Amino acid sequence: MALDELKSAIPDFAKDLKLNLGSVIGNSELPQQQLWGTVLACAIASRSPKVLRELEPEAKANLSEEAYTAAKAAAAVMAMNNVFYRTRHLLSDPEYGNLRAGLRMNVIGKPGVEKVDFELWSLAVSAINGCGQCLDSHEQVLRKAGVDRETVQEAVKIASVIQAVGVTLEAEAVLAEQ
């Protein structure tokens, strides 16, 4: 199992990450599509080749072709949106918020899976990328659709652990090269 291989690659000083990785994926109460779409989108957003290589095969095995593609699309469109909307939010001139974005985001309106699943994946990627405006937007859509706070938090926990594992493994790889 690739998850076990990924956990075994985590150094002893990051034992908490190893335990958390097993817990957030292995003990998740999310439906399989929500879980593995979140895992895949976050593995992509983590920018860690090792994390993506290890988690992608299991995600692919647990997702329909449409969900697999939609999770990748969530990571892609949020990579763009998180930079754009975070920047508009951080600029001190509020007039940027009145300008037309002019960026194509058609996949958000027609993701090929349940809108709630795509929104959850987008929220998790936005947590990794640190866009407060996107986090608020996706959380509001999820809550209006009846998704509880525990589900939202579970996606954020998955994102935080996958991101931390990616950062740790990439740092260790760089240090091993010295």
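The model shown is predicted, which means the values in this text are computed figures rather than measured ones.
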Any chance you could lay out the side-chain contact (heavy atoms from CB on, under 4.5 Å) test for Ile128 and Cys42, step after step, and finish with the verdict?
CA-CA 7 Å; Ile128 289 173; Cys42 290; 3.7 Å; yes

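- Side-chain N or O atoms of Ser46 include one that pairs as donor or acceptor with a backbone N or O of Ala43 at under 3.5 Å.
- Taken from CG in Leu17 to CD in Gln163, the straight-line distance is 11.0 Å, to the nearest 0.5 Å.
- Ser8 places a side-chain N or O within 3.5 Å of a backbone atom of Glu5 that can act as its donor or acceptor partner.
- Applying the 6.0 Å contact sphere to CD of Glu114 captures no more than 12 heavy atoms from other residues, nucleotides or ligands.
- With Thr69 contributing its side chain and Glu66 its backbone, the two residues share no donor-acceptor pair below 3.5 Å.
- Few gaps surround CZ on Arg143; more than 12 heavy atoms of other groups in view lie less than 6.0 Å from it.
- Transitive grouping of hydrophobic side chains (ILVMFWY, heavy atoms separated by less than 4.5 Å) keeps Ile25 and Leu19 in distinct clusters.
- Criterion: ILVMFWY side-chain heavy atoms under 4.5 Å apart, direct or through other members. Under it, Phe118 and Met105 are part of a common hydrophobic cluster.
- Evaluated for a side chain to side chain contact (heavy atoms under 4.5 Å, CB included) with Val165, the options Leu169, Thr168, Ile162 yield exactly one hit, Leu169.
- In terms of heavy-atom proximity, Ala71 sits nearest to Gly37 at CB-O, 3.6 Å.
- Closest approach of Val24 to Ser28, counting heavy atoms only: O-CB, 3.3 Å.
- Annotation for Ala75 and Val125: closest pair CA-CG2, 4.1 Å, computed over non-hydrogen atoms.
- Distance check, rounded to the nearest 0.5 Å: OG1 of Thr151 to CD of Glu29 gives 8.5 Å.
- Under the side-chain hydrogen bond (donor to acceptor under 3.5 Å, both in side chains) criterion, Lys115 pairs with Glu119, sequence neighbours left out.
- If you chain together hydrophobic residues whose side chains sit under 4.5 Å apart, Val51 and Val167 never meet in one group.
- Residue Asn82 comes nearest to Cys131 through the heavy atom pair ND2-CB, 3.6 Å, listed as atom of the first residue, atom of the second, then distance.
- In terms of modelled atom types and a separation under 3.5 Å, the side chain of Arg88 and the main chain of Leu99 share a donor-acceptor contact.
- Side-chain heavy atoms closer than 4.5 Å link hydrophobic residues (I, L, V, M, F, W, Y) into clusters, and following such links, even through other members, never connects Val141 to Val113.
- Linking Ile, Leu, Val, Met, Phe, Trp and Tyr whenever their side-chain heavy atoms come within less than 4.5 Å puts Val116 and Leu35 in one cluster.
- Gln33 contributes atom CD, which lies 10.5 Å from atom CG of Asn62 (distance to the nearest 0.5 angstrom).
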For the pair Leu55 and Leu40, evaluate side-chain contact (heavy atoms from CB on, under 4.5 Å) and give the outcome as yes or no after the intermediate values.
CA-CA 7 Å; Leu55 294 177; Leu40 179 59; over 6 Å; no

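- In this structure, CD in Glu58 is found 10.5 Å from CG in Leu63, a value given to the nearest 0.5 Å.
- When all heavy atoms are compared, the tightest approach of Ala127 to Ala159 is CB-CB, 4.4 Å.
- Taking CG of Asn129 as the start and CE of Met78 as the end, the distance is 8.0 Å to the nearest 0.5 Å.
- The distance from the CD1 atom of Ile158 to the CH2 atom of Trp36 is 9.0 Å, given to the nearest 0.5 Å.
- In this structure, a donor-acceptor pair under 3.5 Å is absent between the side chains of Asp136 and Gln133.
- Residue Gly102 comes nearest to Arg100 through the heavy atom pair CA-NH1, 3.2 Å, listed as atom of the first residue, atom of the second, then distance.
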